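What you see is a predicted model; the values in this text were computed from it and never measured. Note that these values count all heavy atoms, side chains included, but never hydrogens, waters or copies made by symmetry. Counting starts at 1 for both ligands and their atoms, following the listed order.
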Amino acid sequence: MGTPEKTKQYVGRFAPSPTGSLHLGSLVAALGSYLDARSQGGRWLVRMEDLDRARVLKGSAGSILRTLELFALHWDGVIEYQSARTAHYAQALEHLTALGTTFECSCSRRDLESDSGYPGTCRSGPRRSGPTAMRFRVEDVAVRVEDRLQGPCSFLLRERGDVIVRRRDGVFAYQLAVVVDDALQGVTDVVRGADLLDSTPWQIALQQALRYATPRYAHLPVVTEPGGEKLAKSKRSVGIDAQAASRQLCEALVLLQQQPPAELQLESPAAIVEWGCANWRPELLNAVREVRAGDHWTSV
Ligand code: GLU
């Protein structure tokens, strides 16, 4: 019998975009990733995804961090800001380019409006002069994602299309930055909202091209409005109420299907989070893609 392989220590992360205060959907993602990491003795990192300067709202990174602290979601290590890490993305892009896997694309969003994916228009060279985005050429293969919660999912990369890795305005794209950061930060487990499930095959393809390890994935349900509609951007700017941290943590636990006892609401945020860790049963989320916020959330 061989010696059992030592499993790598769990490293999880929460990666909010500082485009507003923490909202219910992001609280659920933060809590789910925190509980999954801590219940396995793992580290939990926080990374600010602030590359898109036009969408960043001044002060919101600080407000998100204060809210996490008030909700007893304490992180390990330093907070990384993607805006300070562009040298890493540039290096990865150079690497991809040296491998011959990228190409410049002059298509505007309008050019591509009618297509669901990217039809490969500029694969053999940009169609127009002027600023270009950089795309990663995907292969004609299926990528299987073994999601811990959503089960096995298969995606045809060609249907997803060649993914933008650097935008026309020079900003590195989320898909590239997230892959580089998760690898350089040693993230073993990505636990995030199911709205990003569709992005996962691109991220796996980029990891493979860059010879990074693929982390385990667990996609948590997306929180919708009480009526079932997507959580509106305008509502996202309405932060959750830190004065009601205990009640809101319990609501997030309910949305994560964890069945907390009613009296848990009377406890401190730290005690609630501790209950969550001790009782974390991710299997209760199996195949749950969407959960509805309680009615009172509309009136905020
Ligand atoms: N920054 C992304 C968001 O706020 C999350 C990225 C991720 O978890 O991979 O939606």
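Considering backbone and side-chain N/O atoms, L196 never comes within less than 3.5 Å of an N/O atom of ligand 1.
Every atom of ligand 1 with a heavy atom of V178 under 4.0 Å away is listed here by number and element: 9 (O). Shown in contact with S17 at under 4.0 Å from a heavy atom are these atoms of ligand 1, numbered in order with element: 1 (N), 2 (C), 3 (C), 4 (O). Per-residue contacts place R192 under 4.0 angstrom from the following atoms of ligand 1 (heavy atoms of the residue considered): 7 (C), 8 (O), 9 (O). Ligand-side atoms of ligand 1 in range of R13: 7 (C), 8 (O), 9 (O), range being under 4.0 angstrom from any heavy atom.
Listed by chain and number, the residues in a side-chain hydrogen bond (donor to acceptor under 3.5 Å, both in side chains) with Y89 are D181 (sequence neighbours excluded).
For Q203, the closest heavy-atom approach to ligand 1 does not fall below 4.0 Å. Residue Y174 places a heavy atom less than 4.0 Å from ligand 1.
For the residue pair R13/Q185, the side-chain donor-acceptor check at 3.5 Å is not satisfied. Judged purely by distance below 3.5 Å, without hydrogens or angles, the side chains of S199 and Q175 pair a donor atom with an acceptor atom. Side-chain N/O atoms of T200 and R192 include a donor and acceptor closer than 3.5 Å.
Residue pairs meeting the side-chain hydrogen bond (donor to acceptor under 3.5 Å, both in side chains) criterion with at least one member in residues 145-155, sequence neighbours excluded: D36-R148, R144-E146, D147-H219, Q150-R289.
Exactly one of L196, V191, I204, L149 qualifies for a side-chain contact (heavy atoms from CB on, under 4.5 Å) with Y217. That residue is I204.
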